Amino acid sequence: SDPSGRFPELQFYWQPSDEFSERPRRSTFHQYKEVEGAHISFPIGLLDKVGVSFQQSKDVRGFDESLYGLDFHYTIDKLTFAGEGTFADISNNAPLPDRDTEWGAYAAVSYALAEKWSVYSWYEGFAERMEPTAQDLLFGAAYRPDPAIVIKLEYLQNIGGRQINRTGL
């Protein structure tokens, strides 16, 4: 990457076989192999950026997947916006899933009230190939008494889909 921030950052990745560290089945249904992709990120400020991604993969059940993504991070004074969106097209060369596309979206906003206090919120949605669309909405406040310590109070609301994190405080 360019330390001066004048040029885009380009990343290529390749995973020729199964996942190095498989994720727990209760967290994810899909295990991937044969993954390759690229991400390019364009700096638009000191910490701000816009990026695009493309990835090809095959999961262990034989589905081919093409994934397209867009991400951003933008700060205006004490207000920070961040987000990511993905769209995946799934091939029909394996047992047909309920739908042949998936999408995911994440949007977050945070505001620094003072040096040690902030409030934040985020939305996350995912339309998985074999499950109903899942959405989460979170509201929180954070207190940082020391740079290495953060105390948070958060409320999470689940809407539809399979729950990973429970609704509540």
Side-chain angles (χ1 to χ4, degrees), residues 1-2 5 7-45 47-75 80-110 120-140 152 154-169:
S1 104
D2 174 26
F7 300 106
E9 179 178 296
L10 182 58
Q11 298 172 340
F12 293 101
Y13 52 93
W14 175 54
Q15 176 186 313
S17 62
D18 294 342
E19 293 186 23
F20 296 119
S21 174
E22 289 192 13
R23 294 166 286 172
R25 286 283 182 200
R26 67 176 184 78
S27 298
T28 184
F29 177 73
H30 308 293
Q31 301 290 326
Y32 291 95
K33 60 180 184 176
E34 299 176 28
V35 177
E36 62 263 353
H39 180 261
I40 186 166
S41 182
F42 300 92
I44 54 175
L47 299 173
D48 303 329
K49 64 178 180 136
V50 174
V52 293
S53 300
F54 174 72
Q55 174 181 293
Q56 285 284 120
S57 65
K58 182 184 290 282
D59 70 16
V60 295
R61 298 178 68 206
F63 290 98
D64 289 325
E65 185 174 292
S66 298
L67 182 129
Y68 310 90
L70 176 67
D71 61 273
F72 70 93
H73 185 275
Y74 189 70
T75 303
T80 301
F81 299 95
E84 181 176 359
T86 60
F87 175 80
D89 183 31
I90 302 162
S91 74
N92 292 329
N93 66 345
L96 196 60
D98 291 348
R99 52 182 165 235
D100 60 1
T101 61
E102 292 180 335
W103 64 264
Y106 172 81
V109 61
S110 65
Y120 53 94
S121 181
W122 56 253
Y123 165 83
E124 184 174 43
F126 182 58
E128 204 259 343
R129 63 184 92 164
M130 295 183 185
E131 303 251 349
T133 300
Q135 301 175 77
D136 290 336
L137 186 58
L138 180 132
F139 299 96
K152 295 181 177 185
E154 299 178 332
Y155 177 78
L156 176 69
Q157 178 66 51
N158 301 116
I159 306 160
R162 181 171 39 133
Q163 268 189 6
I164 302 295
N165 300 306
R166 293 183 303 198
T167 290
L169 198 56

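Since the model is a prediction, treat every value here as computed from it, not as a measurement.
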Stepwise side chain to side chain contact (heavy atoms under 4.5 Å, CB included) check, Val109 with Thr80: CA-CA 6 Å; Val109 61; Thr80 301; over 6 Å; no
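- His73 places a side-chain N or O within donor-acceptor distance of the main-chain N or O of Leu47, the cut-off being under 3.5 Å.
- Contact check for Phe72 versus Leu70: no side-chain heavy atoms found under the 4.5 Å cut-off.
- Looking only at side-chain heavy atoms (C-beta outward), Leu169 and Glu154 stay at 4.5 Å or farther from each other.
- Taking the six-membered ring for Trp and the full ring otherwise, the centers of Tyr74 and Phe81 sit at least 6.0 Å from each other.
- Here the side chains of Asp89 and Glu65 are not in contact, with every heavy-atom distance at 4.5 Å or above.
- Within a 6.0 Å radius of CZ in Phe12, no more than 12 heavy atoms belonging to other residues, nucleotides or ligands are found.
- Nearest heavy-atom pair, Pro43 versus Pro8, reported as atom, atom and distance to 0.1 Å: CD-CA, 4.0 Å.
- Considering only heavy atoms from C-beta on, Thr101 comes within 4.5 Å of Phe87 through its side chain.
- If you check the side chains of Gln135 and Tyr123, you find a donor sitting under 3.5 Å from an acceptor.
- Looking at heavy atoms from C-beta onward, Tyr120 lies in side-chain contact with Leu138 at the 4.5 angstrom threshold.
- The shortest distance between side-chain heavy atoms of Leu156 and Asp136 falls below 4.5 Å.
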Verdict with supporting geometry, Tyr13 and Gln55, side chain to side chain donor-acceptor pair (under 3.5 Å): CA-CA 9 Å; Tyr13 52 93; Gln55 174 181 293; 2.9 Å; yes
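- Nearest heavy-atom pair, Lys49 versus Asp71, reported as atom, atom and distance to 0.1 Å: NZ-OD2, 3.5 Å.
- At least one donor-acceptor pair under 3.5 Å links the side chain of Asp48 to the backbone N or O of Thr75.
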Candidate pair Ser66 and Gln56, rule side chain to side chain donor-acceptor pair (under 3.5 Å), full reasoning: CA-CA 5 Å; Ser66 298; Gln56 285 284 120; 2.4 Å; yes
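- In this structure, Glu36 and Glu34 approach most closely via the heavy-atom pair OE1-O, 4.0 Å.
- Proximity of a side-chain donor or acceptor of Thr167 to a complementary backbone N or O of Asn158 within less than 3.5 Å is detected.
- No side-chain heavy atom of Trp103 sits under 4.5 Å from any side-chain heavy atom of Phe126.
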